[in-house]
Amino acid sequence: MIEGEHDRATANARGTQGGATVGHRLRGTLKALRDHFGCPIDLDGPLVEGAAPTCGALPPSPAASLPVHVYCQLEIVAGRDPAPALPGGADAARFYARSILL
């Protein structure tokens, strides 16, 4: 699966990295699913590591989406009741969370 996605991305390259980071990022995503969510995914082996080249440090991308866990936390903060009796009558955390989500 990792090798297939890497090959597809490099063949249809449109990004600045030419699709070279897709396999590496997919491997990282699968590792996160295994480590943080307990998904039964076996990623320990030379075939998995060799399926796509490992990328070094990449320059930050100006176009990025919020990670899902950040988005969910902002939803919680934005949806809470306003804090009573704050100076100026505004709840700064709620205000900024709602602004980011727009």
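Sequential numbering from 1 along the given sequence is applied to the chain's residues. Keep in mind it's a predicted model, so treat the numbers as computed, not measured.
No more than 12 heavy-atom neighbours from other residues, nucleotides or ligands sit within 6.0 angstrom of CZ on R98.
With hydrophobic clusters built from ILVMFWY side chains whose heavy atoms lie under 4.5 angstrom apart, V70 shares a cluster with I100.
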Y71/L101 under side-chain contact (heavy atoms from CB on, under 4.5 Å): CA gap, chis, key distance, verdict: CA-CA 8 Å; Y71 184 82; L101 291 172; 3.2 Å; yes
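With rounding to the nearest 0.5 angstrom, the NE2 atom of H69 is 9.0 Å from the NE2 atom of H36. Taking CG of D35 as the reference point, atom CG of L30 lies at 10.5 Å (rounded to 0.5 Å).
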